[in-house]
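One structure is given below, encoded as structure tokens.
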Amino acid sequence: MLNVKDVVKSFNSGDRTIKPVNGVSFSLEQGTFAAILGKSGSGKSTLLSLLGALDKATSGDVFVDEVNISTLPDRKLTAYRRDDIGFVFQSYNLIPNLSAKENVMLPMEFAGVSHAERSKRAGALLNQVELGEEMHGRLANRLSGGMQQRVAIARALANNPKLILADEPTGNLDDETGELIIALLRQLAHEKKTTILVVTHDHALAAQTDRKFRLAHGKLTED
Amino acid sequence: MGVVSRSVGNAFRNKVRSGAVVVILAVAIGLALAMLVANQAVGAKVDSLKASVGNTLMVNPAGSRGGLGGGNPLTTADATKAAAVAHVTGVNEALTVRLANAAADSASAGSASGNGGADRGSRGGRFGTSGTTSLVSAVDPGVLGQRNNSNGSSPDGGSGSTTTRPAFSIPIQATGVSTSATAAGTAIKLTGGSQLTDFAANSTQALVGSTLATKNSLKVGSTFTVQSRTMKVTGIFDAGDAFDNNGIYLPLAATQTLVDQAGQLSSLNVVVDSIENVSSTQAALTSALGASNVDVTAGSNNLQAAITSLGSVQNISLIAFIASLVTAGLIVLLIMIMVVRERRREIGVLKAIGASNRTIGLQFVIEAMVLVVLGSVVGAAVAAFSSNPIVSALVAGNTTSTNAAVGRFGGRGGLGGGGGFSGGFTRTRGAFAGASQLIGTISTSVGWQTLVLGAVGILAIAAIGALIPALLTAKVRPIEVLRGE
């Protein structure tokens with residue numbers, strides 16, 4: 001489903017050329033729950049941004065269902081991010097002045113889904129991530145961290161993506177809430193066959209995934 | 001929630017800031033609209049002036065002006081000659097005479113007789129009058145009237161003793177007209193009744209000034225006498241000032257008959273086909289009627305001053321309109337740049353979850369539009385209250401220098417009585433008024449042209465304010481969202 005071939009990302013810092021991602025290759029089957037471990041600054045988030053078409057690789061190819069997203073024009077990359085990818089961020093990144101439900105409805109709005117359908121699906125997704133009905137209409141910035149992350153996961157699922165990329169999804173959560181989020185992601189991967197790739201430095205989280213990779217000095221290795 | 005409702009919500013995300021922006025925009029847009037309204041109002045006034053006095057010439061007997069001077073009366077033959085001059089499209093004939101109150105005239109005549117014929121050609125209270133009327137003047141002579149129309153004391157030729165002239169009373173101005181128009185060719189504004197319709201020599205129709213009618217308890221249908229003829233009030237007019245409202249309008253032929261000035265005229269108001277031909281027609285009229293016989297004066301002399309003044313106001317208002325719009329546009333621009341910079345991360349999130357540049361740009365465009373529309377609504381109220389004072393201030397500021405000259409030219413010297421000047425006088429307020437009098441009051445109003453121009457201007461503001469954030473959002477890369485993660 002996901003096939004990464006010799007991806008390099010480099011940039012200049014003064015006289016030096018830094019390569020946080022240096023010839024990374026790996027592949028994931030559909031429905032896999034995988035983790036990339038690494039220290040802070042090891043390039044995990046950079047790799048995630050390349051896979052999610054948030055940034056362009058210096059070289060190499062990223063295939064998603066046989067489509068090389070490295071060569072797609074901006075317009076198609078927007079459609080790729082909208083239809084095929086779901087992002088979950090460490091700091092949730094919800095739109096603060098929108099309600100939980102409205103946040104989940106956003107990707108569907110961009111995909112042209114009707115308002116009624118958006119509302120119905122958003123409610124179902126929020127129920128799926130076990131956010132109580134009474135919280136659906138609450139402004140995002142009025143929710144607890146765990147609730148916001150559930151909303152973020154529901155938003156990532158809004159357009160039934162093939163791939164969910166999660167960047168330190170439990171980084172800002174307490175252990176108990178973190179466990180709930182991990183369980184939720186695993187359930188999604190196994191029950192809905194959604195491929196989930198999590199970057200984390202949390203070994204407890206990584207221990208619950210199907211596959212574990214380590215990124216160090218720009219190189220990726222599988223445990 | 002769609003992009004529109006989301007944008008409206010975003011516009012009020014920071015209520016204090018949005019409120020401040022709306023107020024600032026309202027001031028700028030309000031000023032712009034006020035200037036636009038001023039520009040339109042002044043433009044309309046210029047057109048109105050050109051249409052009303054721009055193409056007229058006033059012909060007076062040589063040496064006479066506003067009740068002063070002398071010369072020989074004009075005649076109907078002069079009017080015929082004037083009508084034949086090239087570019088002349090119309091000639092309004094007028095004979096303006098002064099009438100003394102019959103009762104006062106009779107009393108002062110007796111007094112003069114008692115003094116052994118002390119009055120030397122100007123009996124008692126009828127200084128330079130051409131006839132009598134039953135009407136009592138509504139204007140008190142006051143100090144100015146007595147001073148301007150009395151020689152104080154005069155030697156008695158017969159006995160060597162000094163005799164005192166009787167008290168002066170303001171005569172009543174009677175203007176004989178051949179159409180329902182003033183001597184200056186402008187329409188007579190009635191407050192009641194109807195215009196003159198019978199212009200025959202034996203006509204008994206009359207229009208009476210409002211203050212004169214009040215003073216004499218006259219209404220439409222009432223009667224009074226001029227010389228020995230009983231005249232009937234067909235209408236009551238309001239000329240806008242106390243002097244003119246102390247007068248009457250009579251049919252020209254009837255006036256000439258009543259005061260025994262058959263064929264005589266005191267002024268001609270000549271209408272020229274266009275303002276461009278006024279100067280050449282002025283020369284042609286002078287030539288046709290004789291430079292030694294007539295003074296031909298162009299109302300456009302002062303019109304030019306008025307138009308120049310108003311032109312300055314128009315230019316100032318246009319520049320201020322554009323400057324205000326640009327200011328408003330800059331305000332929107334700066335605010336939206338700030339907003340976009342503040343929300344870079346949010347823009348990154350939106351891109352990361354699939355929003356296109358167009359969708360995000362549209363969101364900020366609508367957000368800017370919301371601020372501009374609110375600013376426009378409040379600004380329209382600001383403009384409604386400020387446009388009239390602004391126009392007045394601009395016009396006053398630009399006609400000050402002209403007014404100084406007008407004080408001499410447009411004065412009413414000698415009009416309080418004019419003792420010793422026979423044959424009546426002509427007040428040619430329309431054509432000879434100074435620039436400031438010509439300009440008068442400019443009333444602002446919002447017409448469809450103003451609305452269209454205002455809307456175009458406001459759309460320009462919105463475009464300026466919206467285009468930049470739209471471009472800025474396109475430059476925000478979605479990777480921004482992961483920075484700082």
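The shown structure was predicted, so the numbers you read here are calculated from the model rather than taken from an experiment. Below, read A as the first sequence line, B as the second, and so on, with proteins coming before strands; counting in each chain starts at 1.
For Pro96(A), the part lying under 4.5 angstrom from a heavy atom of chain B is the side chain only.
Of all the heavy atoms in Phe89(A) and Ala352(B), the pair that sits closest is CZ-CB, 4.0 Å. Scanning all heavy atoms of the two residues, the minimum distance from Pro478(B) to Ala53(A) falls at CG-O, 4.4 Å. Pairing each heavy atom of Arg345(B) with each of Ser91(A), the nearest pair is NH2-OG, 3.2 Å. Nearest heavy-atom pair across Val349(B) and Asn93(A) is CG1-O, 3.3 Å.
For the atom pair Asn10(B) CG and Asn97(A) CG, the distance stands at 5.0 Å (nearest 0.5 Å). Rounded to the nearest 0.5 angstrom, Glu346(B) CD and Leu98(A) CG are separated by 7.5 Å.
Residues passing the side chain to side chain donor-acceptor pair (under 3.5 Å) test with Glu134(A): none are found, sequence neighbours excluded.
Contact residues of residues 355-380 of chain B toward chain A are Ala355(B), Ser356(B), Thr359(B) (heavy-atom distance under 4.5 Å). Against chain B, the residues from residues 61-81 of chain A that qualify, each with a non-hydrogen atom under 4.5 angstrom away, are Thr78(A), Arg81(A) in number order.
The shortest distance between side-chain heavy atoms of Asn159(A) and Ile353(B) does not fall below 4.5 Å.
The list of side-chain hydrogen bond (donor to acceptor under 3.5 Å, both in side chains) pairs with a residue in residues 17-33 of chain B, not counting sequence neighbours, reads Arg17(B)-Glu342(B).
Remark: Arg6(B) engages Glu109(A) in a salt bridge, criterion side-chain N to carboxylate O under 4.0 Å.
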Trace of the side-chain contact (heavy atoms from CB on, under 4.5 Å) decision for Ile95(A) with Leu350(B): CA-CA 9 Å; Ile95(A) 307 301; Leu350(B) 292 172; 4.2 Å; yes
